[in-house]
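Quick note on labels: first sequence line is chain A, next is B, and so on, each numbered from 1.
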Amino acid sequence: MQQNHFLQRTVTCGELTHADAGKEVVLNGWVHNWRNHGGIIFIDLRDRFGITQIVFNPAISQELAEKAAGLRHEFVVSITGTVILRPESMFNPKMPTGQIEITASALSILNSAATPPLHINDPDASESEELRFIYRYLDLRRPVLQNNIIFRHKVTAEVRKYLWTNNFLEIETPILMKSTPEGARDFLVPSRMNKGRFYALPQSPQTYKQILMVAGFDRYFQIARCFRDEDLRADRQLEFTQIDTELSFITEEDIYRVFEGMMVELFKNCLGISLSTPFPKMSYHEAFHTYGSDKPDIRFGLTIKDVTSVFQNSEFKVFKSTIEANGKIGAIAVADFASCTRKQIDNFTSLVAKSGAGGLVWLRVNDTGVEGPIQKFLSHEEIARLLELTETKSGDMIFMVAADEKVCFTSLGQLRLELASVRNLINKDEFKFLWVTDFPMFEFSEEEQRYVSVHHPFTSPRLDELDLFLSDEYFKTRARAYDLVLNGFELGGGSIRIHDSLVQKRVFELLGISELEAEEKFGFLLKALSFGAPPHGGIAFGLDRLVMVMLKLDSIRDTIPFPKTTAGISLMDNAPDRVARKQLDELGIQLQEKYNS
RNA sequence: GGACUGGUAGUUCAGUUGGUUAGAACGCUGGCCUGUCAAGCCAGAGGUCGCGAGUUCGAGCCUCGUCCGGUCCGCCA
């Protein structure tokens, strides 16, 4: 039976130092580890604040030592004792509290614990994520994971502090909202009172925050939960948290300044790192053609060179047919990598194949020119120009992909990341921010056979391209959109919005959304924009991902207390789950036969 | 929807060419041990080899299916 009354702690397990020697204290916590020497017994007592060593000495109390001998991992105890300065030879330099220990005078066991299925006290333990999810409450006891969650709290607190002091109002928006076309698949919530109708969970509070600007709140932010019913990844969960913002009477420059300032504060106060501003900017076009990505990692070089022009009259069939089909040939040069093995090349080849490339051409640079399987198809002039464009020297390695433009650069972009990791070119202690700007407004969707928004349909076209926007070549228009990229991760993105209902209508029209549908789905926004909407824009940052990058973690699951598996399942509580027939009846919902078992 | 990868003791893993009783470490239980901090020493318990078929005299190992974890592609305005 549990005890109703216990001695409450006077101090935590992380705060005692040599200055506290001699004090009488009470500590509450978990048995992190125990060491029984037959006589003397040591207990490492843990709470969120740290670990303190407790000593039970039979010379002081035989009875107490016998009781302590029964303590096991993860028992919950209350311990009374005296803070003792350890002799210097017994200091533990690995522990912040390693100069002191507690000589116990009383012990009360508040709760026992079953043998834990995880090695909570082993920082190097590597239980499967499956097991860690099932016993998430135990996993979360680990100092490492606990620090991630505490760090996330700090980031959130610093974000609030910064935005509050910069005139932002923290405002909540609905979780139950209207389903809108465009973008990710919505999570739907059936309405009992309005059978046959559904709410959607927000993919982002986009329309609400714009309407808050129309309403005159000027600057808004929200630590907002967002939901997207799409497949998961190491850096994507079904629900995630955005630092969502919107500002009135601003331009891109204000966004850059305000949020560079936010990052400076976050990195200073959470990591003790000072960032220098302004962050560099790069157009989407440059990012794509030199890094093969819209979120380039600029901590290292290995840039992609467009070498199509070199092979304009090539005898090599693959290059010739690619150029005839209006494709591109891109190259990456790797310094001093002529030692590259056949096996590595095979790996690189299958890597670019994943992005759709038909093959990977490679050439070793030597004193007389190049060597490789396709060298015999290349003229002296082509080789000379290639070496010049790629700025290579003897001992270097050149990789090339010939394909349509998108495949060519994206596959080389993937290869670039792999090469950086193989060649160990990434300084993991570096944080390199980058604004990517000048995204196109539209891109053609093969699947839907129409143009779709690159960012979202509320993004303003560039003012200097309004003529283009209104012309037949509207699809070439660039958007007033921007992404903040850090070390190859998209931390956030946003845009200056359309605040003119006529421009907004034109976008819907170009996206193939009929006037009727636009009215039905977005009529409320169009109407709002017609009542004197201020120029406005905003940006949203992925909090989970930000924390992940700041802590150099491999997955956002380690920044989230209760994440879901790649199948979208919460293993601890088994959500989603079947529901009672009665619940479905109340909603007017019937399952398809095959899902009834 | 697809590709790859993993699933063996409570946990992390090993398990040869298909062959006797499936091993190790940590944890757990018991014993010894008065200064450890990954304590040490001795002993013991602990297995539906994810699940289901199949091949075979014989399957942890081979084949097929299936479930689960993970990585990636598609998807993610």
Original post:
If you measure from the P atom in B:rU12 to the same atom in B:rC67, how many Å do you get, rounded?
Top reply: 23 Å
Original post:
Base, sugar-phosphate, or nothing: which does A:Ser204 touch, judged by heavy atoms less than 4.0 Å apart?
Top reply: base
Original post:
So does A:Phe49 have more than 12 non-hydrogen atoms from other groups sitting under 6.0 Å from CZ?
Top reply: yes
Original post:
Under 6.0 Å from the NZ atom of A:Lys406, do we count more than 12 heavy atoms belonging to anything else shown?
Top reply: no
Original post:
CD of A:Glu63: more than 12 outside heavy atoms within 6.0 angstrom?
Top reply: no
Subject >> Identity of whatever pairs with B:rA9 - Watson-Crick or G-U, under 3.5 angstrom >> reply: none
Original post:
Between A:Phe444 and A:Tyr451, is the gap from one ring center to the other below 6.0 Å?
Top reply: yes
**OP:** Applying side-chain hydrogen bond (donor to acceptor under 3.5 Å, both in side chains) between A:His536 and each of A:His499, A:Lys209, A:Gln210, report the one that passes.
**Re:** A:Gln210
Original post:
Could you give the NE2-to-P distance, from A:His119 to B:rA9, as a whole number of Å?
Top reply: 13 Å
**OP:** Would you indicate, yes or no, if B:rC28 has its OP1 or OP2 atom less than 4.0 angstrom from a side-chain nitrogen or oxygen of A:His73?
**Re:** yes
Original post:
For the side chain of A:Ile569, counting heavy atoms from C-beta on, which of B:rU34, B:rG69, B:rC75 is nearest?
Top reply: B:rG69
Subject >> Aromatic contact, A:Tyr284 with A:Phe439 (centres under 6.0 Å) >> reply: yes
Original post:
Looking for any heavy atom pair under 4.0 Å, which part of the strands does A:Leu131 touch: base, sugar-phosphate only, or nothing?
Top reply: sugar-phosphate
Original post:
Hey, are the side chains of A:Ile556 and A:Pro563 touching, using non-hydrogen atoms and a 4.5 Å cut-off?
Top reply: no
Original post:
What is the distance from CG of A:Asp554 to P of B:rC72, rounded to the nearest Å?
Top reply: 10 Å
Subject >> A:Arg233 (side chain) and B:rG74 (base): donor-acceptor pair under 3.5 Å >> reply: yes
**OP:** Taking atom NZ of A:Lys295 as the centre, report whether more than 12 heavy atoms of other residues, nucleotides or ligands fall under 6.0 Å from it.
**Re:** no
**OP:** Would you tell me if any nitrogen or oxygen in the side chain of A:Thr565 comes within less than 4.0 Å of OP1 or OP2 on B:rG69?
**Re:** yes
Original post:
For the side chain of A:Ser126, counting heavy atoms from C-beta on, which of B:rU12, B:rU34, B:rU71 is nearest?
Top reply: B:rU12
Original post:
Separation of A:Arg236 atom CZ from B:rU71 atom C1', in whole Å?
Top reply: 13 Å
Subject >> A:Asp231 CG to B:rU71 C1', straight-line distance once rounded to whole Å >> reply: 13 Å
Original post:
Distance check: side-chain N/O of A:Thr115 vs OP1/OP2 of B:rG27, anything under 4.0 Å?
Top reply: no
**OP:** Using whole Å, report how far CG of A:Leu232 lies from P of B:rG74.
**Re:** 16 Å
Original post:
How many Å lie between CG on A:Asp139 and C1' on B:rU11, as a whole number?
Top reply: 13 Å
Subject >> Minimum-distance nucleotide (side-chain atoms of A:Val55 versus B:rC72, B:rU12, B:rG35) >> reply: B:rG35
Original post:
Which part of the nucleic acid, if any, lies within contact of A:Ala125, taking any heavy atom under 4.0 Å across all strands shown: a base, the sugar-phosphate backbone alone, or nothing?
Top reply: nothing
Atom pairs under 3.5 Å: protein N/O with N/O of nucleotides 36-42 of chain B:
residue, atom, partner, partner atom, Å
B:rU36, O4', A:His37, NE2, 3.4
B:rU36, O2', A:Arg35, NE, 3.3
B:rU36, O2, A:Arg35, NE, 2.6
B:rU36, O2, A:Arg35, NH2, 3.1
B:rU36, O2, A:Gln53, OE1, 3.3
B:rU36, N3, A:Gln53, OE1, 2.9
B:rU36, N3, A:Gln53, NE2, 3.0
B:rU36, O4, A:Gln53, NE2, 2.8
B:rU36, O4, A:Arg86, NH1, 3.3
B:rC37, O4', A:Arg35, NE, 3.2
B:rC37, O2, A:Gln53, OE1, 3.3
B:rC37, O2, A:Asn92, ND2, 3.0
B:rC37, N3, A:Arg86, NH1, 2.8
B:rC37, N4, A:Arg86, NH1, 3.4
B:rC37, N4, A:Met90, O, 2.7
B:rA38, OP2, A:Lys94, NZ, 3.1
B:rA39, OP1, A:Asn33, ND2, 2.9
B:rA39, OP2, A:Asn33, ND2, 2.2
B:rA39, OP2, A:Arg35, NH1, 3.4
B:rA39, N6, A:Asn36, O, 2.7

**OP:** Would you indicate, yes or no, if B:rC75 has its OP1 or OP2 atom less than 4.0 angstrom from a side-chain nitrogen or oxygen of A:Arg228?
**Re:** no
Original post:
Whole Å only: how far is the CG atom of A:Asp235 from the C1' atom of B:rC72?
Top reply: 12 Å
Could you go through nucleotides 4-6 of chain B and list every protein N or O atom that sits under 3.5 Å from one of its N or O atoms, giving the distance for each pair?
none

Subject >> A:Gln414 vs A:Lys354 side-chain heavy atoms within contact, under 4.5 Å >> reply: no
**OP:** With heavy atoms under 4.0 Å as the rule, sort A:Arg132 into base, sugar-phosphate or nothing.
**Re:** nothing
**OP:** Indicate, with a heavy-atom threshold strictly under 4.0 Å, whether A:Pro457 touches base, sugar-phosphate, or nothing.
**Re:** base
Original post:
NA contact type, A:Phe458, heavy-atom cut-off 4.0 Å: base, sugar-phosphate, or nothing?
Top reply: nothing
Original post:
Could you state the CD-C1' distance from A:Gln237 to B:rG70, rounded to the nearest angstrom?
Top reply: 13 Å
